[in-house]
Amino acid sequence: MLPGMRCCMSSAAAVFGSLCHGCRSRARSLSFQGFSWSLRQNCRWNSQDSNDLPTAENPRILITGGLGQLGVGLAEILRKQYGTENVILSDIKKAPPEVYRSGPFVYADVLDYKNLRELVVNNRITWLVHYSALLSAVGEANVALARKINITGLHNVLDLALESCLRLFVPSTIGAFGPSSPRDPAPDLCVQRPHTIYGVSKVHGELMGEYFHHKYGLDFRCLRYPGIISANTQPGGGTTDYAVQIFHDALSTGHHECYLRADTRLPMMHIGDCHRATVEFMQAPECQLSLRTYNIAAMSFTPEEVATEIRKQLPHLKVTYNPDSVRQTIADSWPVRFDDSNAQKDWGWKSTYGLEELVSDMLSSIRDKKTNAGLPVS
C-alpha cells in the first residue's frame with residue numbers, strides 16, 4: 001500500500017467509503033456488481049490526515065502553463081479569494097520577477113508525470129487548472145510537439161486527477177469545431193470534426209474528460225473559450241491574435257496589417273469575462289451541471305468592425321488586409337457565434353463586456369502600460 005493512501009478493497013462499501021466527496025457523489029448512481037477499481041483509480045488520504053486537507057471553501061490550486069495568456073490573471077483572482085499560498089502557478093519557463101513576487105511559482109513539465117505527482121502530493125492540491133497547450137497556428141507549424149503537449153500532457157493530468165481525486169479544469173476552444181459544424185450559432189452538442197491538431201486535441205480532451213467522469217466519477221470541467229482579448233500578455237500564436245495586436249499597433253504605429261479578411265467574423269471575449277466564467281464554473285456545485293463541457297459567449301465581430309470601433313477614439317488608425325492562407329483557412333472553419341444558453345441556465349453565466357467596453361478598456365490599459373514604461377504612444 002502506498003504511504004498516505006488507502007487502496008482498493010474487496011467490498012463495495014469499502015470502495016464507496018474510499019472515494020473523495022466529488023467521486024462519491026457520482027458513485028452513488030453506479031452499480032457495484034462487477035465493479036473494479038485499480039490502485040491509481042482509488043485512493044484518499046489516511047484518516048489521521050483528514051483534518052489537514054483543504055476544505056471545499058479553501059481549495060489548493062495548481063495551474064499548469066501558467067505563463068501563457070490566462071494563468072497569471074486567473075491566479076491573481078483566485079489568490080484574492082482563497083489566499084496567496086493556496087494558488088501555485090507553474091510553467092517550464094523562467095517567470096519574470098513580478099510573477100515570483102506575486103505568489104508561489106514552480107517548475108512543472110506536463111510531460112513529466114512524476115514531477116506533476118510530486119507537486120500535487122507535496123502541496124496537497126485539490127484543484128488543477130490545465131492551461132498547458134500549443135495554440136492553433138503554432139500547433140500547425142509543429143504537429144509533433146503539439147501532439148505531445150496537447151494530448152500526452154492531457155493524459156498525464158487526467159491520470160493524476162483521477163489518482164488524487166482532483167477537480168480538474170481543462171479549457172477547450174472555438175477551434176474544437178470544424179467546417180461541418182453548425183456555425184451560427186454553434187451549440188454545445190453537435191458535429192465537431194476540426195481540421196487542426198489543436199482542435200483535434202481539444203475534442204479529444206473533452207471526450208476523455210467526459211469518459212473519466214462517467215466511468216470513474218472524476219470531477220472534470222471544461223469551457224470552450226472564444227478568442228480571448230487581453231492587454232496583459234502578448235499574442236501567443238492563435239488565429240484570433242489579430243484582435244489583440246491591433247490595439248498595440250493602433251497605439252504605437254497607427255497601422256495594423258491583418259492576416260484575416262476584413263469580413264471574418266469570430267466569437268471573442270474580454271479576458272475579464274473569461275476569468276470570471278472560469279472561477280464561477282469551478283465554484284458551481286456539481287449538481288447544477290448538466291454537461292461537462294460548455295460554450296461561453298460574449299460577442300462576435302470582424303476585423304473591420306473592431307477597427308471601426310477603435311477609430312472612434314483613434315481616427316488615424318489604418319488597417320490593411322493581407323490574409324494568411326493557414327490562419328484564414330482555420331478561421332473559415334470555425335463558428336461565427338457560440339450558443340451558451342446551457343451555461344446561462346445551469347450555472348448563471350452572463351458576460352459583461354460588449355465590443356464598446358472591450359475597446360475602451362484595451363486602449364486605456366495598453367496606453368497606461370506604454371506610458372508607465374516610458375514608451376511613445378501614437
Side-chain angles (χ1 to χ4, degrees), residues 68-70 73 134-141 173-175 179 183-184 196 198 225-274 297-338 351-378:
Q69 185 185 20
L70 302 175
L134 286 192
L135 302 184
S136 55
V138 173
E140 289 306 288
T173 168
I174 178 180
R183 298 193 70 212
D184 192 9
T196 66
Y198 178 56
Y225 290 155
I228 303 302
I229 302 174
S230 168
N232 297 322
T233 55
Q234 293 297 316
T239 300
T240 58
D241 281 353
Y242 86 87
V244 176
Q245 189 62 47
I246 192 172
F247 291 98
H248 291 276
D249 292 344
L251 287 166
S252 55
T253 65
H255 172 249
H256 173 70
E257 181 174 286
C258 187
Y259 52 74
L260 297 180
R261 293 191 313 270
D263 63 348
T264 306
R265 184 176 300 278
L266 292 169
M268 301 286 186
M269 177 176 285
H270 187 279
I271 195 168
D273 274 344
C274 174
M299 68 195 87
S300 292
F301 57 73
T302 67
E304 186 57 36
E305 286 172 351
V306 71
T308 299
E309 190 65 35
I310 292 172
R311 289 191 188 104
K312 293 179 181 179
Q313 299 188 43
L314 298 173
H316 65 278
L317 173 64
K318 179 182 178 181
V319 179
T320 55
Y321 296 94
N322 184 21
D324 171 76
S325 60
V326 173
R327 292 189 179 189
Q328 188 65 59
T329 300
I330 292 172
D332 288 342
S333 72
W334 287 355
V336 171
R337 291 181 179 83
F338 272 164
S351 64
T352 57
Y353 285 85
L355 179 57
E356 181 179 353
E357 293 82 9
L358 180 145
V359 168
S360 294
D361 181 78
M362 286 291 289
L363 290 176
S364 174
S365 298
I366 295 173
R367 184 181 288 111
D368 288 347
K369 288 178 181 295
K370 286 181 176 292
T371 301
N372 292 338
L375 299 174
V377 177
S378 172

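One is the number of the first residue; the rest follow in order along the sequence. Every value quoted in this text rests on a predicted model; they were computed, and no experiment measured them.
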Undergrad: What verdict does the side chain to side chain contact (heavy atoms under 4.5 Å, CB included) test give for Phe301 and Met268, after you've listed the backbone C-alpha separation in whole Å, the side-chain angles of each residue and the deciding distance to 0.1 Å?
TA: CA-CA 7 Å; Phe301 57 73; Met268 301 286 186; 3.4 Å; yes
Undergrad: Grab the two heavy atoms, one from Pro335 and one from Leu266, that are nearest each other, plus how far apart they are.
TA: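 Where Pro335 meets Leu266 most closely, the heavy atoms are O-CD2, 3.8 Å.
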Undergrad: If I take atom CD1 from residue Ile246 and atom CD from residue Glu309, how far apart are they, to the nearest 0.5 angstrom?
TA: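 Output value for this atom pair is 11.5 Å.
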Undergrad: To the nearest 0.5 Å, how far apart are NZ in Lys369 and NE2 in His248?
TA: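 Interatomic distance, Lys369 NZ to His248 NE2, rounded to 0.5 Å: 9.0 Å.
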Undergrad: Would you compute the distance between atom CD1 of Ile366 and atom CG of Asn232 and round it to the nearest 0.5 angstrom?
TA: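 Here the rounded value is 9.0 Å.
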Undergrad: Could you pull out the closest heavy-atom pair between Thr240 and Tyr259, with the gap in Å?
TA: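 For Thr240 and Tyr259, the tightest heavy-atom pair comes out as C-OH, 3.7 Å.
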Undergrad: Considering the options Asp361, Val359, Leu314, which one meets the side chain to side chain contact (heavy atoms under 4.5 Å, CB included) requirement together with Phe247?
TA: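 Result for side chain to side chain contact (heavy atoms under 4.5 Å, CB included) with Phe247: Val359.
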Undergrad: Ignoring hydrogens and geometry, is there a side-chain-to-backbone donor-acceptor pair from Arg183 to Trp334 under 3.5 Å?
TA: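 It does hold such a pair.
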Undergrad: Can you list the steps and then say if Thr352 with Asp273 is a side chain to side chain donor-acceptor pair (under 3.5 Å)?
TA: CA-CA 7 Å; Thr352 57; Asp273 274 344; 2.7 Å; yes
Undergrad: So, does Ser136 use its side chain to make a donor-acceptor pair with the main chain of Thr239 at under 3.5 Å?
TA: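 Judged by distance alone, yes, a pair lies under 3.5 Å.
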Undergrad: Can you tell me if Ser333 uses its side chain to pair, donor with acceptor, with the backbone of Ile330 under 3.5 Å?
TA: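 Such a contact is found between Ser333 side chain and Ile330 backbone.
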Undergrad: Is Cys258 close to His256 at the side-chain level, that is, under 4.5 Å between some pair of heavy atoms?
TA: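 They are in contact (side-chain heavy atoms under 4.5 Å apart), so the answer is yes.
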Undergrad: For the atom pair CE (Met269) and OG (Ser351), what is the distance rounded to the nearest 0.5 Å?
TA: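 Answer rounded to 0.5 Å: 6.0 Å.
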Undergrad: For Ala307 and Val319, work out which heavy atoms get closest and say how close.
TA: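 What the structure gives for the nearest pair is CB-CG2, 3.9 Å.
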Undergrad: First locate atom CG of Leu355, then atom CD of Glu357, and finally report the distance between them rounded to the nearest 0.5 Å.
TA: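 That separation rounds to 8.5 Å.
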Undergrad: Nearest 0.5 Å, please: how far is CG in Asp241 from CZ in Arg327?
TA: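 Interatomic distance, Arg327 CZ to Asp241 CG, rounded to 0.5 Å: 6.0 Å.
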Undergrad: Where do Ile174 and Phe338 come nearest, in terms of heavy atoms and distance?
TA: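 Closest approach of Ile174 to Phe338: CA-CZ, 3.6 Å.
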Undergrad: Do Glu305 and Arg265 meet the salt-bridge criterion of a basic N to acidic O distance under 4.0 Å?
TA: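 A salt bridge is present here (some side-chain N lies under 4.0 Å from a carboxylate O).
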Undergrad: Does a salt bridge link Glu304 with Arg311, judged by any charged N lying under 4.0 Å from a carboxylate O?
TA: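 Between Arg311 and Glu304 there is a salt bridge, with a charged N closer than 4.0 Å to a carboxylate O.
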Undergrad: Quick one: are Glu257 and Asp249 in side-chain contact, heavy atoms under 4.5 Å?
TA: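 No - every pair of side-chain heavy atoms lies 4.5 Å or more apart.
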Undergrad: Keeping Ser300 on the side-chain end and Val336 on the backbone end, is there a donor-acceptor pair under 3.5 Å?
TA: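 Looks like yes, one N/O pair under 3.5 Å.
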Undergrad: Is Tyr353 close to Ile229 at the side-chain level, that is, under 4.5 Å between some pair of heavy atoms?
TA: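 In short, these two side chains do not touch, never coming nearer than 4.5 Å.
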Undergrad: So which heavy atom on Lys370 is nearest to which on Ser252, and how close?
TA: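 Between these two residues, the closest heavy atoms are NZ-CB, 4.0 Å.
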Undergrad: Of all the heavy-atom pairs spanning Gln328 and Arg261, show the shortest one and how long it is.
TA: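 Nearest heavy atoms, Gln328 then Arg261: OE1-N, 2.7 Å.
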Undergrad: Would a distance-only check, ignoring hydrogens and angles, find a side-chain to backbone donor-acceptor pair under 3.5 Å from Gln69 to Ile228?
TA: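 Indeed, once roles are kept as given, a pair shorter than 3.5 Å links the two residues.
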